[in-house]
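In this text the structure is predicted, and so the values were computed from the model without any measurement. Values below: every heavy atom of this structure, side chains too, minus hydrogens, waters and symmetry copies.
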Amino acid sequence: MSVTIENIYSKVGSEYGMKLVAGEKGTDRGVDWVHIVEDSRVSSFLRGGELVFTTGIMNNTASWLYELVKHVEMAGASGIVVNIGPYIPSVSDEVIDYCNEHRFPLFIIPWETRLVDMSRDICSVISRSLNDEISMSAALKGLVLNTADTQSALHILEAGGFDIEAPSRLACIGTHTGTDFSAPLRLAVERSARSVKEPYCAFEYGRYVIVLLCGYTDDEINDFCRELAEKDKEFFVGISGIRTGLREQSINFKRALCACKMAEKRNKDRIFYDELGIYKLLLEIDDRDVLEDYYNDILGSLENYDREHGTDYIGFLRTYLECGGITQVVSEKEFIHRNTVVNHIKKIEKITGLNLLELDAKLKCSIAICIKEYID
């Protein structure tokens with residue numbers, strides 16, 4: 001959702017006498033809709049993301065407002081607007097302290113404010129923003145997947161505040177849960193991006209979210225990734241290289257997706273495409289059969305042997321190559337005797353027909369292992 005508490009406050013606040021009295025640090029929260037709540041017992045009906053209004057008509061105890069605020073905040077509401085008047089003369093320090101501690105925005109409005117007019121105007125702001133967000137998301141998706149008219153898509157993104165000629169990247173974001181993005185996770189991504197730079201545009205692609213990083217500096221990208229990590233440790237991010245202008249982002253999409261998948265496999269919170277090394281070459285090979293054939297020619301027999309005998313010579317070979325083929329280093333890393341290392345190498349050579357003392361053989365095996373990691 002593109003509309004935040006801060007957006008709403010800036011657009012309708014002065015007209016209706018809104019005053020922010022607590023929770024200023026939470027004004028970046030997104031708002032899905034508005035809802036009037038007069039009883040904390042119905043807070044369980046909230047879906048999350050609502051801006052809650054209350055007149056206090058059910059106020060009958062000294063702690064009534066405190067309990068209401070606590071319940072709606074715990075239910076996932078984005079903020080609360082208190083109608084100051086005969087039922088709620090003022091907001092207590094206890095309520096203000098709670099809202100500040102939980103970064104939960106609390107506003108007051110005068111009793112004379114017509115809630116029906118105010119809620120209608122807020123809903124209009126949300127609806128217009130949602131329509132704009134859907135249009136920009138569709139434009140970006142069509143642009144990077146080459147399914148939209150380029151000029152039309154660029155026009156929509158430019159109207160949304162993007163510099164279509166700026167150096168840009170794409171970020172591909174996934175979660176270690178392996179599931180599609182839930183609303184809270186999508187909101188966490190949006191808040192992280194908006195806290196660093198505006199405007200914001202993204203779309204979902206399978207179990208990933210693709211975010212446009214238009215005009216971001218390297219520091220801003222790192223800030224974005226740090227914000228994500230602080231909000232949820234389950235995120236992993238792949239970041240494309242820089243392409244000047246939004247017309248070329250279809251290339252960045254493929255590269256960001258590749259970097260994201262590598263981040264997941266390596267259990268890293270982020271990987272830049274420019275750090276991928278040989279995988280950058282593999283990414284440019286469109287024919288997957290070529291890669292699979294190469295792997296099978298080099299290490300297919302070894303993989304079959306492992307499968308049939310319950311061994312892990314592929315894993316041992318990876319360690320051997322990572323250690324530069326130095327027997328003593330492999331022995332220490334694998335916690336096995338040097339003679340065992342030598343025996344394993346001889347066994348691998350017998351199965352594959354390769355001489356692992358030769359640079360060419362080591363290179364072939366290294367490439368094959370990278371291919372397996374890339375295509376799996």
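A 6.0 Å sphere centred on CZ of Arg103 holds no more than 12 heavy atoms belonging to other residues, nucleotides or ligands. Applying the 6.0 Å contact sphere to OH of Tyr205 captures no more than 12 heavy atoms from other residues, nucleotides or ligands. Glu24 CD: 12 or fewer foreign heavy atoms inside a 6.0 Å radius. Atom NZ of Lys372 sits in a crowded spot, with more than 12 heavy atoms from other residues, nucleotides or ligands closer than 6.0 Å.
Partners of Tyr279 according to the ring-ring contact (aromatic ring centres under 6.0 Å, His included) rule, which considers only residues two or more places apart in sequence or in another chain, do not exist here. Residues satisfying the ring-ring contact (aromatic ring centres under 6.0 Å, His included) test with His337, not counting sequence neighbours, are none. With sequence neighbours left out, the salt bridge (charged side-chain N to carboxylate O under 4.0 Å, His left out) criterion links Arg288 to Glu292.
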Original post:
Yes or no on side chain to side chain contact (heavy atoms under 4.5 Å, CB included) for Ile173 and Phe224, after CA distance, side-chain angles and deciding distance?
Top reply: CA-CA 12 Å; Ile173 303 164; Phe224 169 56; 3.7 Å; yes
**OP:** Decide yes or no on side chain to side chain contact (heavy atoms under 4.5 Å, CB included) for Phe53 and Asn83, but give the supporting numbers first.
**Re:** CA-CA 7 Å; Phe53 284 79; Asn83 200 186; over 6 Å; no
Subject >> Glu230/Arg226 under salt bridge (Lys or Arg N to Asp or Glu O under 4.0 Å): CA gap, chis, key distance, verdict >> reply: CA-CA 6 Å; Glu230 289 176 3; Arg226 278 194 294 269; over 6 Å; no
Subject >> Residue pair Lys11, Glu6: steps toward the salt bridge (Lys or Arg N to Asp or Glu O under 4.0 Å) verdict >> reply: CA-CA 9 Å; Lys11 291 181 179 179; Glu6 186 176 14; over 6 Å; no
**OP:** Determine, stepwise, if the pair Asp121 / Glu15 fulfils side chain to side chain contact (heavy atoms under 4.5 Å, CB included).
**Re:** CA-CA 10 Å; Asp121 287 351; Glu15 181 178 353; 4.1 Å; yes
**OP:** Please lay out, stage by stage, how Phe253 and Ser240 fare under the test side chain to side chain contact (heavy atoms under 4.5 Å, CB included).
**Re:** CA-CA 7 Å; Phe253 167 69; Ser240 73; over 6 Å; no
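Using a 3.5 Å distance cut-off with no hydrogens or angles, the side chains of Asp306 and Thr311 do pair a donor with an acceptor. Under the 3.5 Å distance criterion, with hydrogens and angles disregarded, a donor-acceptor pair is assigned to the side chains of Thr55 and Glu38. In this structure, a donor-acceptor pair under 3.5 Å is present between the side chains of Asn7 and Thr4. Side-chain polar atoms of Asn252 and Tyr273 form no donor-acceptor pair below 3.5 angstrom. Between Asn131 and Arg128, the side chains place no donor N or O within less than 3.5 Å of an acceptor N or O (distance only, hydrogens not considered). Checked by atom type, the side-chain pair Glu334/Thr319 shows a donor-acceptor distance below 3.5 Å.
Interatomic distance, Ser14 OG to Lys19 NZ, rounded to the nearest 0.5 Å: 15.0 Å. Atoms OG and CG, on Ser119 and Leu51 in that order, are 10.0 Å from each other to the nearest 0.5 Å. Cys172 SG to Ile210 CD1: the interatomic distance, rounded to the nearest 0.5 Å, is 3.5 Å. Of the inter-residue distances, the one linking Lys197 atom NZ with Asp223 atom CG reads 11.0 Å to the nearest 0.5 angstrom. The CG atom of Leu68 sits 4.5 Å away from atom CD1 of Ile80, with the distance rounded to the nearest 0.5 Å. With values rounded to the nearest 0.5 angstrom, Glu101 atom CD is found 8.5 Å from Asp97 atom CG.
Note on Tyr320: it does not cluster hydrophobically with Ile326, by side-chain heavy-atom contacts below 4.5 Å among ILVMFWY residues. Criterion: ILVMFWY side-chain heavy atoms under 4.5 Å apart, direct or through other members. Under it, Ile242 and Val196 are not part of a common hydrophobic cluster. Tyr66 and Val82 fall within the same hydrophobic cluster, defined by Ile, Leu, Val, Met, Phe, Trp and Tyr side-chain heavy atoms under 4.5 Å apart, directly or through other members. When the side chains of ILVMFWY residues are joined at heavy-atom separations under 4.5 Å, either directly or via intervening members, Ile251 and Phe203 end up in two distinct hydrophobic clusters. Hydrophobic clustering (side-chain heavy atoms under 4.5 Å, transitive across Ile, Leu, Val, Met, Phe, Trp, Tyr) groups Leu354 together with Leu363.
Under a 3.5 Å cut-off, the side chain of Ser124 and the backbone N or O of Arg120 do form a donor-acceptor pair. Proximity of a side-chain donor or acceptor of Asn100 to a complementary backbone N or O of Gly23 within less than 3.5 Å is detected. No donor-acceptor distance shorter than 3.5 angstrom exists from the side chain of Thr27 to the backbone of Ile5, with no hydrogens or angles considered. Judged by distance alone, with hydrogens and angles left aside, the side-chain atoms of Arg169 form no donor-acceptor pair with the main-chain N or O of Gln249 at under 3.5 Å. At least one donor-acceptor pair under 3.5 Å links the side chain of Ser366 to the backbone N or O of Lys362. A donor-acceptor pair is defined here as one N or O able to donate and one able to accept, closer than 3.5 Å; such a pair exists between the side chain of Glu349 and the backbone of Leu356.
Side-chain rings of Trp111 and Tyr87 approach one another, their centers coming within less than 6.0 Å. Between His344 and Tyr313, the distance from one ring center to the other falls under 6.0 angstrom. Between Phe104 and Tyr98, the distance separating the two ring centers is not shorter than 6.0 angstrom.
Residue Phe236 comes nearest to Ala263 through the heavy atom pair CB-CB, 4.3 Å, listed as atom of the first residue, atom of the second, then distance. Here the closest non-hydrogen pair linking Leu276 and Lys280 is CB-CG, 3.8 Å. Between Leu246 and Leu143, the shortest heavy-atom contact is O-CD2, 3.2 Å. Pairing each heavy atom of Glu248 with each of Thr244, the nearest pair is CG-O, 4.3 Å. Between Ser195 and Ser192, the closest heavy-atom pair is OG-O, 2.7 Å. Closest non-hydrogen pair, Ile336 versus Phe316, comes out as CD1-CE1, 4.0 Å.
Two residues are said to be in side-chain contact when any heavy atoms from C-beta on lie closer than 4.5 Å; Tyr294 and Asp297 fail this criterion. Contact of the Cys370 side chain with the Ile367 side chain is not registered, since no non-hydrogen atoms from C-beta on lie closer than 4.5 Å.
Ring geometry for His309 versus Tyr305: interplanar angle under 30°, hence parallel rather than tilted (30 to 60°).
Ionic pairing of Glu322 and Lys333 is present here: one or more N-O contacts between side-chain nitrogen and carboxylate oxygen are shorter than 4.0 angstrom. Arg186 and Glu190 are not joined by a salt bridge, as no carboxylate oxygen comes within less than 4.0 angstrom of a charged side-chain nitrogen. The pair Glu67-Lys70 counts as a salt bridge, with a side-chain nitrogen and a carboxylate oxygen less than 4.0 angstrom apart. Between Glu303 and Arg307 there is a salt bridge, since a side-chain N of the basic residue sits under 4.0 Å from a carboxylate O of the acidic one.
Each of Ile96, Val69, Leu20 was evaluated against Leu106; a single residue qualifies, Val69, per the side chain to side chain contact (heavy atoms under 4.5 Å, CB included) test. Residue Glu373 is tested with Lys261, Arg266, Arg318, Lys265 for a salt bridge (charged side-chain N to carboxylate O under 4.0 Å, His left out); the sole match is Arg266.
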